[in-house]
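Working notes, structure below.
So you know, we letter chains A, B, ... as the sequences are listed, proteins then strands, and number each from 1.
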Amino acid sequence: MKASQFHLHTQREVPADAEIVSHRLMLRTGMIRKLTSGIYTWTPLGLKVLRKVEQVVREEMDASGCLEMLMPAVQPSELWTETGRWGDFGPLLLKMTDRAGREYAFGPTHEEVITDFARFELKSYKQLPICLYQIQTKFRDEIRPRFGVMRAREFLMKDGYSFHMDDDCLADFYQVMHETYSRIFSRLGLKFKAVRADSGAIGGAMSHEFHVLAESGEDQIAHVPDGSFAANVELAEALAIGERQLPGEELQLVDTPEARTIADLVEGFKLPVEKTVKTLIVHAAEDAEHALIALLVRGDHELNAVKAEKLPQVAGPLKMADEETIRAAIGAGPGSLGPVKLPIPMVIDRTVAAMSDFGAGANIDDKHYFGINWERDVELPEVADLRNVVAGDPSPDGDGKLELIRGIEVGHIFQLGKKYSESMNAVIMDEQGKARHPAMGCYGIGVSRIVAAAIEQNHDDRGIIWPEPIAPWEVVILALNQHKAHRVREKAREIYDALRVAGVEVLVDDRPLRPGVMFADMELIGIPHQLVIGERGLDQGVVEYRQRGGESREIPVGEAVGFLREAIDLPNQAQPLRPMQ
RNA sequence: CGGGGUGUAGCGCAGCCUGGUAGCGCAACUGCUUUGGGAGCAGUAGGUCGUAGGUUCGAAUCCUGCCACCCCGACCA
């Protein structure tokens, strides 16, 4: 490709609303253009990268025996009513009405459509197992779209669905998908981690998320460096810290007029933060004995909303009580709450249950109890895992200590089981001629998000540094002043042709620009290999090679093509597997 | 959804308080010079000032409604 014939439109200045580096660089390079909130146009440059990601995903899915298809983006409400998700999916679902008043959703995912397809297409155990997938535009009406295509409303996703006669077959294929995903992210040149996402809310179902590791990631991952444990913080099990000691202090009521927060208590009364307890008041489930429920965590710990919502007594979604409600029920404000003589039910975190001689509010304004001990001063309430894990916590799985890192979720695989095949009554005849609901798995990859995640992980102050497999071009030839220098033009043309014949994806920058602009542009758009051809070098019979971000070196003109072919990684193709036989 | 903020040329911004013919930088276009790290000079083009109404002799500027976009949102208990 000649740069003069491509639409390159880079910018030095960035729209003020771009916050993270991938968003800024995608706008500055001109890869994307915002149409409206959370909705983007992919320009020719951006699309080249998007298609490369897509192609790697497609090749690996195909190599694992999956079959590509394409389902409609627009789906009738009836299917969603069947599974109950027309309401359950909530405001994320973009709904629309046609001229006859029929209701539709723009698909945020396709379990309903694929299950509907399956109940017509899949009749016999002889057709199973099977995995069908598509790469398609989805729409989720996010509350707050941000970070460009990282959290967009419209996005490109690969979604796959597998069907199996039994759970064992599903579990085996799930493992195949786990490996397939690992190969995909490896081939894309990304540093990633597979983490456990749910250990069994639905009877033995398994789920893993795949995260691209990056400081700017929206998700926190707890893991043990030896690889024995990795999970999203939302779900990582928090064990009790320490064991409960016998009471060593008397219970005492203390005047604490200025102490509204844990920090105030720690500073004003020399109470170690590990000896304090936070009392959080949330709304209870509708059928609970009281309208409110108290959740207690240690002063320096955070409540985990996902875990709290799983408690049957707690209203979902989690809703904190406001001060007025708290006063009406307890008679004290939020700064003075605690377990002693608390008039509403409570659930305490495992670590809180292991504490002794601790301080907490007295449920009287401006007073706290110090030296509180379970059983002696308060009956031990229900104990549950309520908090987020913190760095240094014991691993729930083995010996190590947890570390926290950040990641961008780019893939998610899940054993669905029979949830959809049962609710939509998809049945398959087994070998005994008996109708059975197939077990299903689903497997998603955020294709457009991967582009942004790759940039988050690979950039410097000059721009993007593409991993070779997804770079828009493998090589760029900078033909300095070629519009004036015939020798440069001819040599650039010669090397360009030779590289193309050799199957290398090459861009030649033949624009009549000053060299500095060309350097800056090509580094901004992040092409991995750069060949500079100028009169100065040609006088000495050399051209200059530089890897993006690396040092430059001179290459004799005649060896340039051979050198580049060596420098570029051999194409890493998918290795065919036959997992489903 | 709640709170806050912003809408002026493709991008970044000034002008608004104190009403009087809409400006700057970058980008774009033309010409000349320049040419190994985002050039210089000269010139050109581009804006219903988000939108609807109101006040006024006169509104980007003051007032009201609407729309769009952005940021923050248990973690102070």
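- Relative ring orientation between F358(A) and W374(A) is described as tilted, the plane-to-plane angle lying within the 30° to 60° band.
- Look at CZ on R514(A): it is 8 Å from P on G40(B), rounded to the nearest Å.
- The distance from atom CZ of R144(A) to atom P of C72(B) is 4 Å, rounded to the nearest whole Å.
- As rounded to whole Å, 11 Å separates atom C1' of G37(B) from atom CZ of R536(A).
- C69(B): Watson-Crick or G-U partner is G5(B), with both key distances under 3.5 Å.
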(message) Using a 4.0 Å heavy-atom cut-off to protein, can you give one letter per nucleotide of nucleotides 25-31 of chain B, 5' to 3': B if the base is in contact, S if only the sugar-phosphate is, - if neither?
(response) BS-----
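- Side-chain contact between L499(A) and I477(A) is present, with at least one heavy-atom pair separated by less than 4.5 Å.
- Residue contacts shown for L478(A) are absent, as no nucleic acid heavy atom lies under 4.0 Å away.
- Of the side-chain N and O atoms in K34(A), one or more sit less than 4.0 angstrom from OP1 or OP2 of C70(B).
- L513(A) places its CG atom 10 Å from the P atom of A39(B), with the value rounded to the nearest Å.
- Comparing G7(B) with U61(B), their C1' atoms are spaced 15 Å from each other, to the whole Å.
- Scanning atom types as modelled, no donor and acceptor separated by under 3.5 angstrom connect the side chain of N481(A) and the base of G36(B).
- Crowding of K95(A) atom NZ: a count of heavy atoms from other residues, nucleotides or ligands under 6.0 Å exceeding 12.
- For the salt bridge (charged side-chain N to carboxylate O under 4.0 Å, His left out) test with E535(A), the passing option among K484(A), R489(A), R487(A) is R487(A); the others fail.
- In this structure, D264(A) places its CG atom 14 Å from P of C75(B), rounding to the nearest Å.
- Rounded to whole Å, the separation between the P atoms of G4(B) and G43(B) comes to 49 Å.
- Under 4.0 angstrom from either OP1 or OP2 of C70(B) there lies at least one side-chain N or O belonging to S37(A).
- Rounded to whole Å, the distance from CZ on R146(A) to C1' on C71(B) is 10 Å.
- With rounding to whole Å, Y40(A) atom OH is found 11 Å from C69(B) atom P.
- Residue R28(A) places a side-chain atom within donor-acceptor reach of the base of G38(B), judged by atom type and a 3.5 Å distance cut-off alone.
- For Q11(A) against G10(B), a side-chain-to-base donor-acceptor contact under 3.5 Å is absent.
- Atom CD of E250(A) has 12 or fewer heavy atoms from other residues, nucleotides or ligands within 6.0 Å.
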(request) Test K307(A) against D349(A) for salt bridge (Lys or Arg N to Asp or Glu O under 4.0 Å), laying out the working first. (result) CA-CA 11 Å; K307(A) 292 175 180 176; D349(A) 182 64; over 6 Å; no
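- Under 4.0 angstrom from either OP1 or OP2 of A68(B) there lies no side-chain N or O belonging to T36(A).
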